[in-house]
Structures are given as C-alpha cells and as structure tokens.
Protein chains: 2
Amino acid sequence: MNRASTHPQLQSIKVACSNCNLRELCMPVGLDEQQLKRIDEVVAVRRKVKRGSTLFRNGEPFTSLFAIRTGFFKTCVATEDGRDQVTGFQMAGEIIGLDGIVHDHHTCDAVALEDAEVCVMPFDRIEELSREVAALQQHVHKIMSREIVREHGVMLLLGSMRAEERLAAFLLNLVQRLHARGFSQSELVLRMTREEIGSYLGLKLETVSRTFSKFVEEGIVEVKQRHVRIVDTAALKRIVNSQQGSH
Amino acid sequence: MNRASTHPQLQSIKVACSNCNLRELCMPVGLDEQQLKRIDEVVAVRRKVKRGSTLFRNGEPFTSLFAIRTGFFKTCVATEDGRDQVTGFQMAGEIIGLDGIVHDHHTCDAVALEDAEVCVMPFDRIEELSREVAALQQHVHKIMSREIVREHGVMLLLGSMRAEERLAAFLLNLVQRLHARGFSQSELVLRMTREEIGSYLGLKLETVSRTFSKFVEEGIVEVKQRHVRIVDTAALKRIVNSQQGSH
DNA sequence: CGCTCCTTTGAGCTAAGTCAAACCCGGTGG
DNA sequence: CCACCGGGTTTGACTTAGCTCAAAGGAGCG
C-alpha cells in the first residue's frame, strides 16, 4: 500500500488526519474515536507539488479533492482565446478541486506558487464515507457552500470596487487567513507576482504596483519586494468601505 | 399536512417531483421507482413569491433550498455601506439558497423579478435522504460544483472582459438557458432592468444601454424595450472571444 | 557577471463613468 | 378620454480611473 517507492511525488502517510495540526481547518469537529479513524482512511496518499508545476489542469479527469498541507496555490480559468483569470489563492488547510465534480473533469488549473504538499482524497471515497458519517457529509456541504460565498465576495469586489478598495480588501483577506494559521496579523510575504494579483483583482500589474506605492506614500503599508507590512489596518478597512468607489 | 390553509403563500403539492416536467433539470436521473418516491418526499411544500418580494434575505436563518418551478429571480449581495451586486439570475429548474449552508443563515437576497413559485426542500431532509440514496447525494454535489464553476465564469467576465463582451456573453448565456427550457434560440424577454443587468456585469446602466444601442446599429440584435431578438448569434459569439478586450 | 524575470514609474490614451436632459410607456385619477 | 406622473431608458457632453506603451531599475540565479 506504500506507493512512495513507485512514484517520486507520492508518499505514504506519516501523520494521520486525526493527528494533523490542520485538523480543525479541513475536518469536521466533534467526531468520536471510531469516526476519526474512518476519516483517516479518506486520505489515500500525499503528493508533493513543486513550485511552478500544476496539481491539476483544465480538462484533466477529476478523481480527488486535495487538502493543502503546506504551500500555496493559485487556481485559474482560461478562455479559448488565451486570456485567463486567477480565481483564487489557496493556502494550508484549504480544499481545492471542487470545480471538477460537475463534469468529472477539472475546469481550471491549480498551480503551486511555492513547493507544496497536498493530501489526496479520492472523491468516491469521500462520498461513500459521508453517506455513513453525517458529520462528514455536513462538512463537505459546508466547504462547498463556503466556496460559493467566497466567490460572491469576489464578484462584489470585481463588479463594484475601485482599484484601491480591491487591493485593500485583498490584503486584509490574506492577512486574516494567515493569522488564522498562526502567522502575524500585520506582516505577510506575497507568494504571487503583481501580475497574478492583478489578474485576481481584475487590474493590470502596473495598477497594482501603483496602488501599492500609493499605500506606501500614505503610510498605510510598507512594501519591500514581496514582503508587506501593514502599518494601519484601520485605514485599509476604511478604504474597503469607502463607498465612493461604487463606480 | 396541507399547510395551504394556514398560510396564503404556501400550498400543498399537486405535481410530485417524479411527474414534474422540470425533473431532468433539478433531479438526478436513473432512479428506480422506489427511490423516486422517496425523493418526492423531499419537497415539503410549494411557495408563491410575488414579483418584487424576496424569497429570502441576507441574515435570515437558512433551512431549505428552493427549486424554482416558475418565475425568475435575481440574487444579490451587499456591503455594509449600501452598495450591492447582483450575483446571478435564476430561472425555472434552478436551485437557489446554496449560500446559506455554511453559516446556517443566508448571505444574499433572492428577489423575484416576476411572480414565481418555488419548491421548498428542507435541507436536513435532503441530507438525510442523500445519505441513503447515492444518486441524490451525487446530484447535490454536482449542483454545488456547477454553481462554483458558473461563478468562475462570472469572475472571468468581470475580471477580463470589456463592456461589449460582457453583454454579448450575458445574452448568449440567457438565451441558451431559455432554449434548454424549450424557448426560442433567438428571442427573449428580459425580466430585469438595465440597472440590474449592469450590476451583474459590473457596468453602469448607461453603459448597458449604449452597448445595446451599438449592437442594434450593427444589426446584431433588435431591441424593443425588454424584448430582445438576436439576429446574428455568430457575431455575438465572435464578440465574446474577441480577445482585444483582455484589458 | 550577465541574464532573466519582476517591479516601478512616467506620459499619454481610452473605455467607461458621471451628470443632465429628454423621452417613452403604462398606470391613475380627474 | 386625456392629463399627468413616475419608473425605466436613451442619448449627449464631459471627466476620469485605469489601461497601454515604454524605459529603467532591482533581485535572484546559473
């Protein structure tokens, strides 16, 4: 059952879900001993993904969801004519691959922005087990619903905010998620380029850069390359609901 | 069990799901007799929603998903500071309310744009039954995944298309969905105002209006009020991937 | 050390927004 | 029946946020 020997990217599991420190992020809570043990079985295997390479790609058959253990991903969709759009950035404890369920193949690309490791969870096994463990079933539903709600937020951002509001919202969101994982509330290292940020926010990379510079001038943040330090969180929050940007 | 008498908006069910002509839109396929019968039990009741009134509202407790039987809805999210964004338009056979699952309360408003009737499906019943009927379980997963994929498309539209592309994509999408319901491939009646279209597409109502006028000048569509007739579908499709709009 | 990729900044342009006026159409009431 | 009203729509004139193009600095890596 140890497939590590046959495929360099795959490796057998050392840490069970029930012991994983990301447990409260990607698993249901309040399970008894026995249920926990069964859920451990959902994760078939781990897989390492090198920075710059894809976990899955648009068009590939869908078989599994992936829980990010370490690392950082972007997901992006593309049109035939080559333009593409980053639809999200995902970090440890988050689940990717939900897009693949409808048509049994993926409809976006997931690219590692830094070396990463994911838990591979075969979807048929998830379905099987969540028919038996109600808490798991609910958890799966909530994860999907959360993704829908998240995307509503992005639509609001893309549809009705100005550049400064978008970037402010983006930074606040990132730092808040990092904080939930035990990192600083005010410092972060961007794992993506200005162009990727721009794609996500519906802006050009130059606009992202200029907006960063503006924030720096105003003393709201300090920026050194990809390292960002938020000096005035309140100001960022004020920018996000400044209302003047209703287009 | 007939609650019609106690509440004017509610009424007992005359058409069972198994006989509903929208069956193939909102229900799983390939069920046997007995499973069908059980699924009929999911729909507790029907509810009528008058044009202009809400099916549910941001903040209200979530209990049920709704399958639209007749009518037309919009869903919209709002920020504290009062600006809002239409996140989608839904028609017969589509499911709304998925946003409520994560936090047990709704995070957007659903407003009827014409008199409508929905099937109320208590979510705990759906969960219960989908633990027993694998086909229903899969169906629920696919519906949620489909919504995620749809929103990816909207993000692409909002993030990287110009006004003409957005409107063209919008019209093609609407007419395609109407066609799947047996309506014309080329004629449609818009149920929403220019402002609502604009909100959905991230444009101002004047821009929507001007873009319509432009399409009329170019002979691509005919517009009389809310009645739209698509004269040149191919031209619309060409506009959607015109690529020059990559911003 | 030189290359490549990323980022910043400037200068000018343009798509879409803002503001304002007029129009259209269905509904209401005199 | 017609005048009026109000929401929705169209169109024009002007403004502007963000885009495009271009050039010039870093920073990391072989």
Side-chain angles (χ1 to χ4, degrees), chain A residues 50-52 74 83 85-86 111 113-115 157-171 189-218 221-228 239 242-247, chain B residues 51-52 74 83 85-86 111 113-114 157-171 189-218 221-228 239 242-247:
Chain A
K50 275 249 165 318
R51 175 185 157 156
K74 68 170 178 182
R83 88 187 97 165
Q85 167 86 19
V86 173
V111 181
L113 296 182
E114 59 181 352
D115 289 357
L157 179 143
L158 290 173
S160 72
M161 291 185 175
R162 48 198 291 109
E164 291 159 51
E165 299 175 282
R166 295 183 198 196
L167 189 62
F170 170 73
L171 289 174
V189 176
L190 300 172
R191 250 73 229 210
M192 69 296 281
T193 66
R194 302 289 188 258
E195 184 165 25
E196 286 162 336
I197 296 172
S199 172
Y200 180 60
L201 299 178
L203 301 170
K204 294 279 114 176
L205 70 98
E206 294 94 329
T207 305
V208 173
S209 178
R210 276 185 242 273
T211 308
F212 266 123
S213 300
K214 183 142 184 279
F215 287 173
V216 171
E217 274 172 40
E218 292 169 348
V221 301
E222 288 166 12
V223 179
K224 183 174 282 179
Q225 297 296 119
R226 305 232 178 142
H227 192 101
V228 176
I239 290 172
S242 66
Q243 166 72 318
Q244 56 163 303
S246 45
H247 255 329
Chain B
R51 176 186 156 156
K74 68 169 178 182
R83 87 188 97 165
Q85 166 86 19
V86 173
V111 181
L113 296 181
E114 62 181 354
L157 178 143
L158 290 172
S160 73
M161 292 186 174
R162 46 196 294 111
E164 291 158 52
E165 299 174 282
R166 293 183 198 196
L167 190 62
F170 170 72
L171 290 173
V189 176
L190 300 172
R191 250 71 231 211
M192 69 297 280
T193 67
R194 303 286 188 259
E195 184 165 23
E196 286 163 336
I197 296 171
S199 171
Y200 180 60
L201 298 179
L203 302 171
K204 294 279 113 176
L205 70 98
E206 295 94 330
T207 306
V208 173
S209 179
R210 277 185 241 274
T211 309
F212 265 123
S213 301
K214 182 142 185 277
F215 286 173
V216 171
E217 273 172 41
E218 292 169 349
V221 301
E222 288 166 11
V223 179
K224 183 175 282 179
Q225 300 292 118
R226 304 231 179 144
H227 191 102
V228 176
I239 289 171
S242 66
Q243 165 71 319
Q244 57 164 301
S246 44
H247 252 330

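Reckoned from all heavy atoms, side chains included, excluding hydrogens, waters and symmetry mates. So you know, we letter chains A, B, ... as the sequences are listed, proteins then strands, and number each from 1.
Put simply, A/Arg226 has a side-chain N or O that comes within less than 4.0 Å of OP1 or OP2 on C/dT7.
A straight line from CG of A/Leu190 to P of C/dC6 spans 14 Å, rounded to a whole angstrom. The CZ atom of B/Arg194 sits 18 Å away from the C1' atom of C/dG17 (whole-angstrom rounding). The CD-P distance, from A/Glu114 to D/dG28, rounds to 16 Å in whole Å. Here the P atom of nucleotide D/dT16 and the CD atom of A/Glu164 are 15 Å apart, to the nearest Å. One interatomic measurement links the two molecules: CZ of B/Arg162 to P of C/dG17, which rounds to 12 Å at whole-angstrom precision. Atoms NZ (B/Lys204) and P (D/dG8) sit 15 Å apart, rounded to a whole Å. In this structure, B/Leu167 places its CG atom 15 Å from C1' of C/dA15, rounding to the nearest Å. Protein atom CD of B/Glu165 is 14 Å distant from nucleotide atom C1' of C/dA16, rounded to whole Å.
Comparing the local axis fitted to the first five base pairs of the helix from C/dC1-D/dG30 to C/dG30-D/dC1 with the one fitted to its last five gives a bend of 30°, rounded to 10°.
Residues of residues 205-214 of chain B that place a heavy atom closer than 4.0 Å to DNA chain D, in numerical order, are B/Leu205, B/Glu206, B/Ser209, B/Arg210, B/Ser213.
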Return the polar atom pairs (N/O with N/O) between nucleotides 22-26 of chain C and the protein under 3.5 Å, or none.
none

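Remark: A/Glu206 pairs with no residue by the side-chain hydrogen bond (donor to acceptor under 3.5 Å, both in side chains) rule, at least two apart or across chains. In this view, A/Thr207 and A/Ala163, A/Leu203, A/Lys204, A/Thr211 satisfy the side-chain contact (heavy atoms from CB on, under 4.5 Å) rule, not counting sequence neighbours. Considering only residues two or more places apart in sequence or on other chains, B/Glu195 meets the salt bridge (charged side-chain N to carboxylate O under 4.0 Å, His left out) condition with none of them. In this structure, the side-chain contact (heavy atoms from CB on, under 4.5 Å) partners of B/Glu222, at least two apart in sequence or on a different chain, are B/Arg229, B/Val231. In terms of the salt bridge (charged side-chain N to carboxylate O under 4.0 Å, His left out) criterion, B/Arg210 has no residue partners (sequence neighbours excluded). Residues passing the side-chain hydrogen bond (donor to acceptor under 3.5 Å, both in side chains) test with A/Arg191, sequence neighbours excluded: A/Glu114.
The backbone N or O of A/Glu196 sits nowhere less than 3.5 Å from a side-chain atom of A/Ser199 that would complete a donor-acceptor pair.
A distance of 5.0 Å separates OG of B/Ser160 from CZ of A/Arg83, quoted to the nearest 0.5 Å.
You'll find the side chain of A/Leu190 reaches within 4.5 Å of the side chain of A/Phe212, heavy atoms only. Counting heavy atoms from C-beta on, the side chains of B/Leu167 and B/Leu201 come closer than 4.5 Å.
For B/Leu203, counting side-chain heavy atoms from C-beta on, the closest listed nucleotide (D/dG18, D/dT20, C/dG17) is C/dG17. Considering only side-chain atoms of B/Ala163, the nucleotide from C/dA16, D/dT10, C/dT8 that sits closest is C/dA16.
In this structure, A/Arg51 places its CZ atom where only 12 or fewer heavy-atom neighbours from other residues, nucleotides or ligands lie under 6.0 Å away.
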